[in-house]
Participant: 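The structure that follows is given in the form of structure tokens.
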Amino acid sequence: MSKPIVATTSLAGCFGCHMSILDVDERILDLFDLVEFNKSPIDDIKEFTKMCDIGIIEGGCCNSENVHVLKDFRKNCKILISLGECAIMGGLPAMRNNIPIEECLREAYLDGPSTKGHNPDGIMPNDEELPILLNKVYPCHEVVKIDYYLPGCPPRADLIWNALVALVTGDEMKLPYEVVKFD
Amino acid sequence: MSSNVQSIVEKYGNNANRLMDILHDIHSEKGFVSNGEMKEIALLLNISKVDVEQTLTFYHFFSENPRGKYTIYLNNSLVAEMMGREEVAKTFEKATGTKFGTVSDDGLFGLYDTSCIGMNDQEPAAIINGIVFPRVTTYRVKELIRSFRQGHTVEDMINSYGGGQNQSELVQAMVTNNLNRRGAVIFSDYTPGEGLEKLKSLKPQDIIEEVKNSNIRGRGGAGFPTGLKWDFCSKAEGDERFVLCNADEGEPGTFKDRVILTERPSLMFEGMIIAGYAINAKLGLLYLREEYYYLKKHLEFVLSDFRQKGWLGNNILGIEGFNYDIRIQFGAGAYVCGEESALIESCEGKRGEPRNRPPFPVQVGYLNQQTIINNVESLSSVTKIIANGADWFKSMGTKESSGTKLLSISGDLKYPGTFEVEWGITINEMLEMAGATDVKAVQVGGPSGRLIGPNEFHRTICYEDLPTGGAMIVIGEGRSILDVVMNFMDFFIEESCGSCAPCRYLTVILRNKMKKIIDGKGVASDLDEIVHWGKQMKIANRCGLGQSAANPILTSIENFRHEYEAKIEKGKDFDTEFDLNSAIIESARAVGRFPEA
């Protein structure tokens, strides 16, 4: 039987969840025995080259590119996992959700302490090449269907490891209290 | 420091537990409590300003800002909507020139929504500067606003008096009783003092035994045996004991206590005195919802009459050492304060947030002392139990549900109002009694109860089968069950105290899912998720509000699943409703980009 194929990406996240994947330490070698990686920062494959079994998403959606990538993952992965607080709830980036986007942009480019008086033309980034910000930060499941959620900020390496092993082997997932308690 | 605030605070002995009364007094003078006044109050009570602020902002009828010379609160309960609230609301907005939730530019009118005000039998109803305006029509709205603009007072606009005590000089309310059926306990013939007379020959423990023996259970909805509660309280260790009477009936669809408070206040106060005697309390509080403020003078008159007769005060009825008095404590608009521990917090001048239980109020209650909290109807029944005996009481009703029950029936039926019936009638009989035909569903026990369909109309109203606090909302054929549920969800979102995260968030998430289904965007998995998440509400919240907030959704899916399924998109298992184009439009405009659609 061929190995299950895994893809990962980081959207509006800090890459901390990916660092936590690496935190499985020497088990990363076992992981490569168990699964094959496709599109992922881990092997630096930029585009999907085949249909994948598991897609792991870090971060929520804060701009149009995040949405395109997420939809691409949904199309190319049989199972999608929201990994960590930002993917599940929006996380820190979602703190802007109570502030109108125009106010955010003004604060960043016109009225902020480092920009006030230095941007006389009042220019805000508007190149066609740039992704467009969304009106708010969306958790992944508000954009596409998400099959599983692994909580944490970041989720513990053991939680990620247990989840992947369970998915690949079909065994029940081990969820000891230590890997899901946060206080 | 303004002498006014100072004198008000001093009137309540600079006691922080009387913060509700202090805020009420300032409010009734000028309609809001300013930031400066909050600071003054805090200083005088020796608490922090934020303590004052959090109490003030918790309650619906308190405000930090002026709410207009004429402050209009229009009820938005389900039955109000069924009876044409929408048109009335639009007319209010047009006539006053302001939107709901705001004050008109000239400062004349403040327009606000409010949760059920206990007038479901005469909707749509509004409260304007504390005066209840039942059965409001669009015509009446125009007349009211026109007259207010001409300088008439709100009192000028009282154009009729409801029957019974509503027309007494002390009430003069337009509210009608709609007491459609008198029964053998609450609304039977009654001479004030007939329960108290028995105290002379009974010891406190005898009273408790008699109440226990009557098998009476709490009429507020939870159904806890009243005698047992009193027994626990009287045996708990402590210095002081209190009797609280819960007159906060905020469950949408219930208004039976309003009729007791209007027509039989003595019966209730007697029950409070009997309770005080039984558990050896010195003070009883009647926690009255602000919506019933119009009954204040009427109730206070009864209390002063009791004092004159020697039924309150020292050595009551000549019983040596039986010293007891009753005071009215007003709420200020918060459904959750009907929950007993939240009610205690409110009586202590705090936000109405439920406490963790145990310890129960009988152990640690008002001012951390031993406290019993009983419903208006329970205490009124007790008076009759003591007057006529437990055996008499038990001869009515069913085995586990003795006596009578007041039902507040409203909605799509001929005779909305209060009905006193013996426990044990079926829903079918109830509908026939109240003149309801072509009934699609009945909401038993208000939003926190169960929504049942005709296949359950054979069931019996009693603790053994279908328990209820008395709210019965009749929903006729032709109404959408989903609209009914949406109204209830909005209610729970508005009234959640916000203490438990699932109650604070999940109610909103569930409402949004409902909205999605109503808009025809729902898919099958939405329904599964609603059921799955709704069940979490029961286990993850502290009080009855949070635990039952998903009941309307869950019981309606259980009994009317077809109405949901009819709205659900076929052949699609997932739809988040996310639309990229509308999500980027705002920021694209802000930076001056115009992406292709």
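Letters go in sequence order (proteins before strands), and every chain restarts at 1.
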Participant: Calculate, to the nearest 0.5 Å, the distance between atoms CG and NZ belonging to B:Asp575 and A:Lys145 respectively.
Facilitator: 12.5 Å
Participant: Side chains of B:Val591 and A:Leu133: does their closest heavy-atom pair fall under 4.5 Å?
Facilitator: no
Participant: Please say whether more than 12 non-hydrogen atoms of neighbouring residues, nucleotides or ligands are located less than 6.0 Å from CZ in A:Phe32.
Facilitator: yes
Participant: If you draw a 6.0 Å radius around CG in B:Asp105, do more than 12 non-hydrogen atoms from other residues or ligands fall strictly inside?
Facilitator: no
Participant: Please indicate whether A:Arg106 has more than 12 foreign heavy atoms, meaning atoms of other residues, nucleotides or ligands, lying under 6.0 Å from its CZ.
Facilitator: no
Participant: Which pair of non-hydrogen atoms, one from A:Ser64 and one from B:Ile584, has the smallest distance, and what is that distance?
Facilitator: CB-CG2, 4.4 Å
Participant: Under 4.5 Å from any heavy atom of chain B, what part of A:Glu102 do you find: side chain, backbone, both or neither?
Facilitator: both
Participant: Looking at B:Gly592, B:Ser525, B:Ala590, which makes the most heavy-atom pairs under 4.5 Å with chain A?
Facilitator: B:Ala590
Participant: Are there over 12 heavy-atom neighbours, none belonging to B:Arg357, within less than 6.0 Å of that residue's CZ?
Facilitator: yes
Participant: Would you find more than 12 non-hydrogen atoms of other residues, nucleotides or ligands less than 6.0 Å from A:Phe48 atom CZ?
Facilitator: yes
Participant: I want to check something: taking the side chain as every heavy atom from C-beta on, are B:Arg593 and A:Ile132 in contact at a cut-off of under 4.5 Å?
Facilitator: yes
Participant: Please state whether the side chain, the backbone, both or neither of A:His141 comes within less than 4.5 Å of a heavy atom of chain B.
Facilitator: backbone
Participant: Applying side-chain contact (heavy atoms from CB on, under 4.5 Å), run through B:Ile585 and A:Asn135 and close with a yes or a no.
Facilitator: CA-CA 8 Å; B:Ile585 191 100; A:Asn135 55 345; over 6 Å; no
Participant: Could you tell me which portion of A:Asn63 (side chain, backbone, both or neither) has an atom closer than 4.5 angstrom to a non-hydrogen atom of chain B?
Facilitator: neither
Participant: Which answer fits A:Val67, side chain, backbone, both or neither, if we ask what part of it has an atom under 4.5 Å from a heavy atom of chain B?
Facilitator: side chain
Participant: Rounded to the nearest 0.5 Å, how far does OG of B:Ser587 lie from CE of A:Met124?
Facilitator: 10.0 Å
Participant: Just wondering, are more than 12 heavy atoms of other shown residues or ligands nearer than 6.0 Å to NZ in A:Lys116?
Facilitator: no
Participant: Rounded to the nearest 0.5 Å, what separates atom CD in A:Glu142 from atom CG in B:Asn512?
Facilitator: 8.5 Å
Participant: Which bit of A:Leu130 is near chain B, if near means a heavy-atom gap under 4.5 Å: side chain, backbone, both or neither?
Facilitator: both
Participant: Side chain, backbone, both or neither: which part of A:Tyr109 has an atom under 4.5 Å from a heavy atom of chain B?
Facilitator: neither
Participant: Is A:Lys174 atom NZ crowded by more than 12 heavy atoms from other residues, nucleotides or ligands, each under 6.0 Å away?
Facilitator: no
Participant: Taking atom NZ of B:Lys538 as the centre, report whether more than 12 heavy atoms of other residues, nucleotides or ligands fall under 6.0 Å from it.
Facilitator: yes
Participant: Are the side chains of A:Ile146 and B:Phe574 in contact, using a 4.5 Å heavy-atom criterion?
Facilitator: no
Participant: Please determine whether side-chain contact (heavy atoms from CB on, under 4.5 Å) holds for the pair A:Leu134 and B:Phe578, giving the CA-CA distance in whole Å, both sets of side-chain angles, and the decisive distance to 0.1 Å.
Facilitator: CA-CA 11 Å; A:Leu134 306 183; B:Phe578 178 81; 4.2 Å; yes
